[in-house]
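So the structure is just underneath, and the comments pick up after that.
Residue numbering restarts at 1 for every chain, and letters A, B, ... go by the order of the sequence lines.
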2 protein chains.
Amino acid sequence: MKNRKEQIVNTATTFIKKYGYDSFSYKDLSESIGITKATIHHHFPKKEDLGLTVCEQIRVKIFLAAEKKISQLNTPKEKLEYVMNKFLTEIEKGEICPISSLQAEYNILPNSMKEMVANLSEKENTYLCEILKEGLADGSFQFSGSPRSMAIMIIAAYKGSLQYSRTMDDNIVNIVLEQIYKQIIKDHKA
Amino acid sequence: MKNRKEQIVNTATTFIKKYGYDSFSYKDLSESIGITKATIHHHFPKKEDLGLTVCEQIRVKIFLAAEKKISQLNTPKEKLEYVMNKFLTEIEKGEICPISSLQAEYNILPNSMKEMVANLSEKENTYLCEILKEGLADGSFQFSGSPRSMAIMIIAAYKGSLQYSRTMDDNIVNIVLEQIYKQIIKDHKA
DNA sequence: GTCTATACAAAGATAGAC
DNA sequence: GTCTATCTTTGTATAGAC
């Protein structure tokens, strides 16, 4: 992706994490980047095109990158901690997970974006599920219920806590993270 | 609250749960209810007024009502199950918790609404926290970590799962609910 | 690839009649 | 309390020059 194009996508991603897809405009982008609206329309004729590219970039830059990195790590514990921390490094203060943001607005998204969001949601669950299964198999994790239901719960709790961190001054995200570790890692201590 | 006024507030609440605060318009409301935009402006001059009334109605109709009902129940287990189920009865298919929806859009809300949303977020956590403490005290619940962190995790997981249910055809919410019960209720069986 | 100018529709809001 | 009419601003999008 060319520089300018990538710059627009990155700014749009930040706006989605901060304000949501429906709540940012090409004017917001143009002022933040320092170009005109028309220029952005040149690169992404419709907002839907831009939204789709944001989704595609999440898939490639976050998911594929994480997948590769995870395969190089040795223990399930390392993998879990990598995934959880990696996730947080992508989110600044006042932002939430872009996938959560798009899920919250799901009903107003164009169909093409709905499809991408559903796909990303399923993928992140699958990845975590694999790690949990590995941990159960080698005895480093311990929990009741299926890996799939546990994976959903962990992801939902983690991202939900991010949303709560907007209104509660506490360090809620880390509190929840600790709580998660306590519940599934056998020898975990805070 | 008068009939028409309440009808407007109820419709607005549904729209927030479905589409989000920023994504519904007075036009949407007017068409859904069958009155003109001007009439809605008569009852709620600014959208902010309507948004605030929606928040206030959640506080009174959901929170105060739940508080009263909970005080009449006997065991922590009953109270927990009541709260969790009560919550779900308020949410139709394709909707999410209105507080979650407002949290997701937090950065674009007027200050008055930010305050209300922060208040509601704190309140729901406090209520659940009290129930968890009771359950720990009488031995019916069992978990590691503080009641406060557990309460945050449960709420975050529960509401997060609602967002996921938009994109995953599974009965995710019930799966997560079961997972929660398994982890804190001593003698729980699916 | 970027700009100015412009079109068009939608959103929030108000004035004034009934 | 509800309507018609109108205003203003914003959002999305296009045309055409440089």
Side-chain angles (χ1 to χ4, degrees), chain A residues 1-55 57 101-102 104-114 116, chain B residues 1-55 57 101-102 104-114 116:
Chain A
M1 191 149 36
K2 287 297 186 337
N3 249 358
R4 175 70 6 127
K5 242 183 150 155
E6 196 155 358
Q7 186 185 18
I8 296 167
V9 174
N10 289 340
T11 309
T13 304
T14 298
F15 282 172
I16 288 173
K17 291 188 283 184
K18 273 191 191 158
Y19 312 118
Y21 174 77
D22 209 39
S23 297
F24 81 85
S25 68
Y26 272 37
K27 178 161 176 278
D28 296 329
L29 287 174
S30 74
E31 284 170 358
S32 170
I33 298 174
I35 51 177
T36 62
K37 289 193 289 171
T39 301
I40 304 177
H41 276 288
H42 167 77
H43 293 285
F44 302 97
K46 296 184 190 305
K47 199 181 181 185
E48 180 175 355
D49 301 319
L50 176 53
L52 279 172
T53 309
V54 166
C55 292
Q57 200 199 232
S101 175
L102 294 169
E105 301 184 277
Y106 191 71
N107 289 330
I108 56 104
L109 297 180
N111 286 332
S112 60
M113 286 184 68
K114 278 186 180 159
M116 289 283 282
Chain B
M1 192 150 37
K2 285 299 186 333
N3 249 358
R4 175 72 2 127
K5 241 181 153 157
E6 195 154 0
Q7 187 184 18
I8 296 168
V9 174
N10 289 341
T11 310
T13 304
T14 299
F15 281 172
I16 287 173
K17 291 189 283 185
K18 273 191 191 159
Y19 311 118
Y21 174 76
D22 209 39
S23 297
F24 81 86
S25 68
Y26 272 38
K27 179 161 175 278
D28 296 330
L29 287 173
S30 75
E31 284 169 357
S32 170
I33 298 173
I35 51 176
T36 61
K37 287 195 293 169
T39 302
I40 304 176
H41 276 288
H42 167 76
H43 292 286
F44 302 97
K46 296 185 190 302
K47 200 181 182 186
E48 180 175 355
D49 301 319
L50 176 53
L52 279 171
T53 309
V54 167
C55 292
Q57 200 198 232
S101 175
L102 294 168
E105 301 183 277
Y106 191 71
N107 289 330
I108 57 105
L109 297 179
N111 286 332
S112 61
M113 286 184 68
K114 278 185 181 162
M116 290 283 282

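- Here B:Ser32 pairs with nothing under the side-chain hydrogen bond (donor to acceptor under 3.5 Å, both in side chains) rule; sequence neighbours left out.
- Contact check for B:Leu109 versus B:Met116: no side-chain heavy atoms found under the 4.5 Å cut-off.
- In terms of phosphate contacts, B:Thr39 brings no side-chain nitrogen or oxygen within less than 4.0 Å of OP1 or OP2 of D:dG1.
- Across all non-hydrogen atoms, the minimal contact from A:Cys55 to A:Leu102 is SG-CD1, 4.1 Å.
- A heavy atom closer than 4.0 Å to some atom of DNA chain D occurs in no member of residues 10-21 of chain B.
- A:Asp28 places its CG atom 17 Å from the P atom of D:dT9, with the value rounded to the nearest Å.
- Residue A:Ser25 is classed as a sugar-phosphate contact, given heavy-atom separations below 4.0 Å to backbone atoms only.
- A:Lys17 is linked by a salt bridge (charged side-chain N to carboxylate O under 4.0 Å, His left out) to A:Glu95, counting only residues two or more places apart in sequence or in another chain.
- The phosphate of D:dT2 (OP1 or OP2) has no side-chain N or O of B:Thr36 nearer than 4.0 angstrom.
- Every residue meeting the side-chain hydrogen bond (donor to acceptor under 3.5 Å, both in side chains) condition with A:Thr39, not counting sequence neighbours, appears here in chain and number order: A:Thr36.
- Partners of B:Tyr106 under the ring-ring contact (aromatic ring centres under 6.0 Å, His included) rule, at least two apart in sequence or in another chain, do not exist in this structure.
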Sequence-aligned protein contact record of nucleotides 13-18 of chain C, with B where the base is within under 4.0 Å of a protein heavy atom and S where only the sugar-phosphate is: BBB---
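- Evaluation of the ring-ring contact (aromatic ring centres under 6.0 Å, His included) rule for B:Tyr26 yields B:His41 as partners, not counting sequence neighbours.
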Identify every side-chain donor-acceptor pair in residues 44-52 of chain A under 3.5 Å, counting partners at least two apart or on other chains, and give the distances.
unit_1: A:Lys47; atom_1: NZ; unit_2: A:Tyr21; atom_2: O; d: 2.7
unit_1: A:Lys47; atom_1: NZ; unit_2: A:Phe24; atom_2: O; d: 2.7
unit_1: A:Glu48; atom_1: OE2; unit_2: A:Ser112; atom_2: OG; d: 2.4
unit_1: A:Asp49; atom_1: OD2; unit_2: A:Lys46; atom_2: N; d: 2.9

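- Judged by distance alone, the side chain of B:Ser101 and the main-chain N or O of B:Ile16 form a donor-acceptor pair under 3.5 Å.
- Pairs of residues two or more places apart, or lying in two chains, that qualify as salt bridge (charged side-chain N to carboxylate O under 4.0 Å, His left out) and include a residue from residues 19-35 of chain A are A:Lys27-A:Glu31.
- Between B:Arg4 and D:dT2 there is a side-chain polar atom (N or O) within less than 4.0 angstrom of OP1 or OP2.
- The bend of the helix from C:dG1-D:dC18 to C:dC18-D:dG1, defined by the angle between the axes of its first five and last five pairs, stands at 0° to the nearest 10°.
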